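Note that the structure is predicted; figures quoted are calculated from it, not measured. Below, read A as the first sequence line, B as the second, and so on, with proteins coming before strands; counting in each chain starts at 1.
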There are 2 protein chains.
Amino acid sequence: MSRWEPNARGRLEQAALDLYQERGFEQTMVTEIAERAGLTERTFFRYFADKREVLFGGQDMLRTLFVSAIEAAPASTTPLDAVIAALEAATPVFQERYERVRQRQAVIAANPELQEREMLKRAALTSAIADALRRRGVSDLAAILAAEVGSITFKIAFDRWVSEPDEQDLSRLIRASLDQLKGIVAGT
Amino acid sequence: MSRWEPNARGRLEQAALDLYQERGFEQTMVTEIAERAGLTERTFFRYFADKREVLFGGQDMLRTLFVSAIEAAPASTTPLDAVIAALEAATPVFQERYERVRQRQAVIAANPELQEREMLKRAALTSAIADALRRRGVSDLAAILAAEVGSITFKIAFDRWVSEPDEQDLSRLIRASLDQLKGIVAGT
DNA sequence: TATAGTGATGTCAGCAACCGACATCACTGT
DNA sequence: ACAGTGATGTCGGTTGCTGACATCACTATA
């Protein structure tokens with residue numbers, strides 16, 4: 001038998017998510033999270049830079065997923081199409097964790113500090129997407145714009161997907177949002 | 001002679017901006033800001049909810065400016081055009097404070113915590129714009145999309161305006177970004 | 001097999017952000 | 001005069017977060 005229970009990080013994440021949902025983010029103290037995970041506060045801060053970060057673990061995975069999807073797109077693909085393809089490639093990650101994702105979004109929606117952090121994370125992903133586009137030879141401005149437009153499209157589709165229990169297909173919502181956006185920009 | 005120097009809020013804002021620039025955001029303590037403004041830490045927290053908020057004062061003014069510009073647009077104006085008109089209506093606010101705005105952006109660019117807050121503020125403005133559009137009868141989804149597209153357009157134009165000392169005309173950059181965005185979305 | 005790491009965790013002390021409660025006292029209106 | 005008001009100060013406490021050091025099962029290597 002090993003010295004410690006395995007998966008300390010995962011236990012902290014689960015404990016934090018549950019406690020944030022039960023009592024709210026501000027009302028739960030880091031000590032409580034650590035205690036529920038069978039660890040100490042100090043150990044929590046070894047795994048996570050701050051109290052919010054514990055909800056934002058999958059970041060690196062998403063980034064590599066997006067970036068490699070963009071790299072995999074045929075050279076002839078339009079910047080925006082490459083971005084949309086990358087977003088669609090990521091949808092299974094969310095669909096497979098439906099309940100967990102919902103719970104997480106409910107917690108974030110209830111707290112502005114967490115919304116701040118989420119926006120920073122989304123901006124980082126958007127920036128990584130723009131970098132990937134630039135590596136394909138897309139101009140600076142076009143890369144940023146395509147990445148930002150894709151980011152919004154995803155955000156809006158994702159929000160709808162989370163708030164509508166009937167809707168199963170995130171990809172479909174992405175395409176629907178994109179169509180609407182094209183209409184808006186074209187001046188319909 | 002009155003009991004206290006006037007404009008405590010303004011003094012705190014100026015002291016904070018200067019100190020954040022001189023030593024960096026994390027390295028300056030709230031007590032120091034208050035001291036430079038001739039006040040105490042407790043008073044700082046009566047004016048500003050936290051250490052970051054002191055950099056984000058003009059929010060209400062900008063919101064009413066945007067919202068009334070949208071309300072003033074002719075009923076026949078397209079949602080996106082109304083948003084762009086509102087953004088252009090706000091450009092003088094920035095152009096008149098060029099140096100101050102630059103200083104502020106440099107401070108924010110140097111610190112992720114401040115970037116988080118700025119994103120939250122921008123999201124709040126975007127949301128207010130979407131509300132104003134809805135009040136004109138624009139559908140929910142279209143309102144959000146038009147507001148978000150406008151918000152990105154402004155952000156990109158603003159970033160360029162701040163980083164290029166030669167460029168004077170923010171409106172011109174907004175129109176240029178919008179044109180590029182239209183090209184991207186149309187699939188050029 | 002003895003011994004010297006190694007790495008994940010615990011302990012402790014401390015700083016700085018933030019907040020509630022109460023005190024102060026120039027100014028204001030009656 | 002005098003009670004009230006509002007901006008500020010004082011004080012004490014909680015919580016997020018960090019550096020420094022201790023512990024001790026496990027591992028590699030002589």
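- Shown here for B:Leu80 and B:Ala146, the closest heavy-atom pair between the two residues is CD1-O, 4.0 Å.
- A distance of 12.0 Å separates OG in A:Ser68 from CZ in A:Arg63, rounded to the nearest 0.5 Å.
- Closest approach of A:Thr28 to A:Leu19, counting heavy atoms only: CG2-O, 3.4 Å.
- Listed for the A:Thr64 side chain is a donor-acceptor partner under 3.5 Å among the backbone atoms of A:Asp60.
- Atom CZ of A:Phe48 is separated from atom C1' of D:dG16 by 16 Å (rounded to the nearest Å).
- Spacing between atom NZ of B:Lys51 and atom P of C:dA16 amounts to 10 Å, rounded to whole angstrom units.
- Regarding contacts with the backbone of C:dA26, every side-chain N or O of B:Ser2 stays at 4.0 angstrom or more from both OP1 and OP2.
- Atom CD in A:Glu41 sits roughly 8 Å away from atom C1' in D:dC17 (whole-Å rounding).
- Within residues 6-34 of chain B, the residues approaching DNA chain D are B:Ala8, by heavy-atom distance under 4.0 Å.
- Salt bridge status for A:Lys155 with A:Asp159: present, with a side-chain N to carboxylate O gap under 4.0 Å.
- Residue A:Phe45 contributes atom CZ, which lies 18 Å from atom P of C:dC12 at whole-angstrom precision.
- Contacts of residues 111-123 of chain B with DNA chain D (heavy atom under 4.0 Å): none.
- Here A:Arg117 does not pair with B:Glu113 in a salt bridge; the nearest charged N to carboxylate O distance is not below 4.0 Å.
- Residues A:Tyr20 and A:Leu55 share a closest heavy-atom pair of CD1-CD1, 3.8 Å.
- Between A:Glu35 atom CD and D:dT15 atom P there is a gap of 13 Å when expressed in whole angstrom units.
- Both B:Phe44 and A:Gly38 lie close to DNA chain C; mapped to their nearest nucleotides by heavy-atom distance, the more 5′-ward contact belongs to A:Gly38.
- Atom CE of B:Met119 and atom OG1 of B:Thr126 lie 12.5 Å apart (nearest 0.5 Å).
- In this entry the distance linking CD of B:Glu5 with P of D:dG6 reads 22 Å, nearest Å.
- Contact annotation for B:Tyr47: backbone-only contact, meaning every heavy-atom pair under 4.0 Å involves sugar-phosphate atoms and none involves a base.
- Scanning atom types as modelled, one donor and one acceptor separated by under 3.5 angstrom connect the side chain of A:Arg3 and the base of D:dC24.
- For the residue pair B:Gln14 and B:Arg100, a side-chain donor N or O sits within less than 3.5 Å of a side-chain acceptor on the partner.
- For B:Thr40 and D:dG9, the shortest distance from a side-chain N or O to OP1 or OP2 is below 4.0 Å.
- A distance of 6.0 Å or more separates the ring centres of B:Phe154 and B:Trp161.
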Heteroatom pairs (N/O) under 3.5 angstrom, protein to nucleotides 20-22 of chain C:
unit_1 : atom_1 : unit_2  : atom_2 : d
C:dG20 : N7     : B:Arg42 : NH2    : 2.7
C:dG20 : O6     : B:Arg42 : NE     : 2.7

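- Atom CH2 of A:Trp4 and atom P of D:dC24 are 10 Å apart (whole Å).
- Aromatic ring centres of A:Phe44 and A:Phe48: separated by under 6.0 Å.
- Expressed to the nearest 0.5 Å, how far CD1 of A:Ile174 lies from CD of A:Glu88 amounts to 5.5 Å.
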